[in-house]
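Worksheet for the structure shown next.
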Amino acid sequence: SRLDLSAARAGAGRSTHSGATMQTNKRQLTMMEMMTRKRDGVGVAPRAAPGPPQPDALDEKLAAANRVFFGHGSFRPGQQRAIRGALHGRDVVVVLPTGGGKSLCYQLPALLTPGVTIVVSPLLSLIEDQVSALLGAACGGIPAAHLTSGTKEAASRSVLHELHKAGEGRGELGLKLLYVTPERLAASPTFGECLAKLHRRRLLARFVIDEAHCVSEWGHDFRPDYRKLGNLRRSYPGVPFMALTATATPACEADLRKSLKIAPDALAHRTSSDRPNLHFAVEDYSEGDANDVREAVVDFVKRRPGQCGIVYCMTQADAEACADLLSERCDDVKAAHYHAGLSAVNRRVTQAAWQAGQVHVVCATIAYGMGIDKADVRYVVHASLAKSLEGYYQEAGRAGRDGAPSLCVLYYRRPDVAKIRKLVTGFGRMKRRGPRLQRDLDKLDDMVKYCETPRSCCRRQRLVGHFGADPGPGNGDRPC
């Protein structure tokens with residue numbers, strides 16, 4: 001049946017910079033900042049070198065802020081340590097698995113530190129979701145905004161006006177978190193002037209580099225504009241950095257540290273990439289054809305009516321065909337497609353419907369990747385091969401963020417390897433050469449090795465070991 005998406009469509013274009021929301025918690029934020037500043041000597045200026053705080057006292061205040069602003073009763077592993085490092089003005093590098101709570105590591109310090117925190121993020125959809133969640137926080141809203149190509153002109157003017165006034169000492173800065181794309185940082189002289197004024201008045205709290213693996217040429221999603229972010233050190237000396245990612249190998253982490261000029265004494269926190277609640281499986285369909293895989297996906301989804309899931313496909317056409325087939329063949333399943341070829345509004349509508357439970361399954365290309373924050377995804381299916389283990393683990397990691405058992409299934413066909421190799425290599429004038437190409441081909445080979453892991457070996461061990469952690473003992477004959 002046709003979905004009624006009018007409510008989602010109406011909300012897709014709303015402004016993310018609200019003066020009323022910005023003022024909601026001003027008094028509450030100021031009290032928190034003063035409490036942190038006076039009692040612990042942290043949060044006053046990121047460049048200061050305060051003495052060591054009383055751990056118990058600071059922990060109490062962090063727990064209170066976490067509860068008041070975000071409604072959390074406790075911290076996840078690694079969060080509190082990263083937050084403390086940020087409050088002491090140190091550079092921080094955080095490598096947590098998908099669903100490990102990376103966002104809180106910079107959002108909470110932003111609320112307890114004078115000034116505005118600039119968050120650099122690669123995807124518009126990710127930025128808009130983060131800002132929307134902050135403005136709609138149960139505490140009454142956290143002052144946040146974004147400046148991107150998707151920001152309405154009136155909202156952009158409002159944000160820049162506030163930054164200018166605060167930078168010139170003519171107004172109070174209520175904004176605590178400002179999300180931008182790296183392109184906006186590089187291409188907007190006006191925004192650069194605002195940051196310079198804030199920096200002179202010590203109101204530039206820190207730069208946060210989200211999805212920091214995009215900085216590194218060793219990463220699976222390298223973005224050239226991310227590579228330039230290290231120049232911020234020269235433009236705004238003394239402002240600390242926090243870099244966060246879920247999928248950085250040791251080589252990728254070393255490269256991003258060098259590129260971002262991360263301080264040698266930076267606090268680094270890396271937890272195991274293992275997600276015990278996720279069950280990983282590979283089904284070999286090399287002897288079959290693409291239709292056999294489609295039928296397998298239909299059967300898989302049909303046996304899970306009402307469950308929330310994602311099906312990753314190789315091409316945009318595959319994603320559309322998969323969604324149509326699931327809608328036609330699965331009576332109790334509503335499916336939609338998502339890819340970069342859709343308009344921004346249609347992508348927002350699809351994501352909003354999926355988040356609200358109006359759509360059970362999204363059939364997507366890798367455009368539906370970073371930043372998906374939905375806790376109850378019960379399965380992630382790859383109907384074709386991923387280009388790298390890093391990309392695969394990030395996509396599969398969308399499952400089970402609530403900690404409940406979830407499935408990650410990949411349907412493997414050896415003929416797909418040649419297709420993806422051609423996509424990686426490029427065609428004609430776009431054909432790639434050099435060390436970067438070879439690294440990407442090596443990543444594809446690692447992905448193939450994972451898929452062809454003998455049943456007597458543990459795929460979980462291969463995944464966890466790939467990211468530099470001790471994989472521990474295998475599961476033997478038990479599921480991976």
Hey, could you give me each pair passing salt bridge (charged side-chain N to carboxylate O under 4.0 Å, His left out) that has a residue in [range]? Not counting sequence neighbours.
range	value
residues 257-268	E253-R257
residues 131-150	none
residues 229-252	D91-R233

Given side chains that start at C-beta, do those of [X] and [Y] come closer than 4.5 Å, heavy atoms only?
X	Y	answer
V239	L232	no
Y312	V381	no
L444	R421	yes

Short side-chain to backbone donor-acceptor contact, [X] and [Y], under 3.5 Å:
X	Y	value
R227	L260	no
R275	G397	yes
S406	A404	yes
R270	V94	no
S132	E128	no
K176	T113	yes

Would you give the length of the straight line joining atom [atom1] of [X] to atom [atom2] of [Y], rounded to the nearest 0.5 angstrom?
X	Y	atom1	atom2	value
K422	K431	NZ	NZ	10.5 Å
L175	T117	CG	OG1	9.5 Å
L256	L229	CG	CG	11.0 Å
I420	L441	CD1	CG	11.5 Å
Y338	T350	OH	OG1	8.0 Å
Y106	M242	OH	CE	10.0 Å

Under the salt bridge (charged side-chain N to carboxylate O under 4.0 Å, His left out) test, residues paired with [X] that sit two or more places apart:
X	result
D210	none
R200	none
E193	none

My understanding is that only residues two or more places apart in sequence, or in another chain, count here; which of them pass side-chain hydrogen bond (donor to acceptor under 3.5 Å, both in side chains) with [X]?
X	answer
D442	Q438
R81	H269
R76	none
S259	none

Salt-bridge present ([X], [Y]; N to O < 4.0 Å):
X	Y	answer
R432	D440	yes
D225	R184	no
D376	K374	yes
D446	K387	no

So H339 and T365, side chain to side chain donor-acceptor pair (under 3.5 Å) or not? Walk me through it. CA-CA 5 Å; H339 55 67; T365 60; 5.8 Å; no
Going by the angle between their ring planes, with limits at 30° and 60°, are H199 and Y236 parallel, tilted or perpendicular?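 The rings of H199 and Y236 stand perpendicular, inter-plane angle above 60°.
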Once ring-ring contact (aromatic ring centres under 6.0 Å, His included) is applied, do any residues pair with F75, and if so which ones, sequence neighbours excluded?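 F75 satisfies ring-ring contact (aromatic ring centres under 6.0 Å, His included) with no residue once adjacent residues are dropped.
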For the residue pair [X] and [Y], what are the closest heavy atoms and their distance?
X	Y	value
P182	S121	CD-O, 3.6 Å
L134	A144	CD1-CB, 3.7 Å
C313	S384	C-OG, 3.9 Å
L203	A166	CD1-O, 3.8 Å
A82	C105	CB-SG, 4.0 Å
Q79	G101	NE2-O, 2.8 Å

Determine, step by step, whether D129 and Q351 satisfy the side chain to side chain donor-acceptor pair (under 3.5 Å) criterion, reporting the C-alpha distance in whole Å, the side-chain angles of both residues, the deciding distance to 0.1 Å, and the verdict. CA-CA 10 Å; D129 287 349; Q351 177 149 345; 2.5 Å; yes
Identified side-chain hydrogen bond (donor to acceptor under 3.5 Å, both in side chains) counterpart of T245 within the set K102, H213, E390: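 Only one option passes, and that is H213.
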Just jot down the side-chain contact (heavy atoms from CB on, under 4.5 Å) partners of T315, sequence neighbours excluded, or say none.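 So T315 forms a side-chain contact (heavy atoms from CB on, under 4.5 Å) with A317, D318.
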Evaluate the side chain to side chain donor-acceptor pair (under 3.5 Å) criterion for residues Q130 and H146: first the C-alpha distance (whole Å), next the side-chain angles of each, then the deciding distance (0.1 Å), finally the verdict. CA-CA 9 Å; Q130 291 269 12; H146 62 66; over 6 Å; no
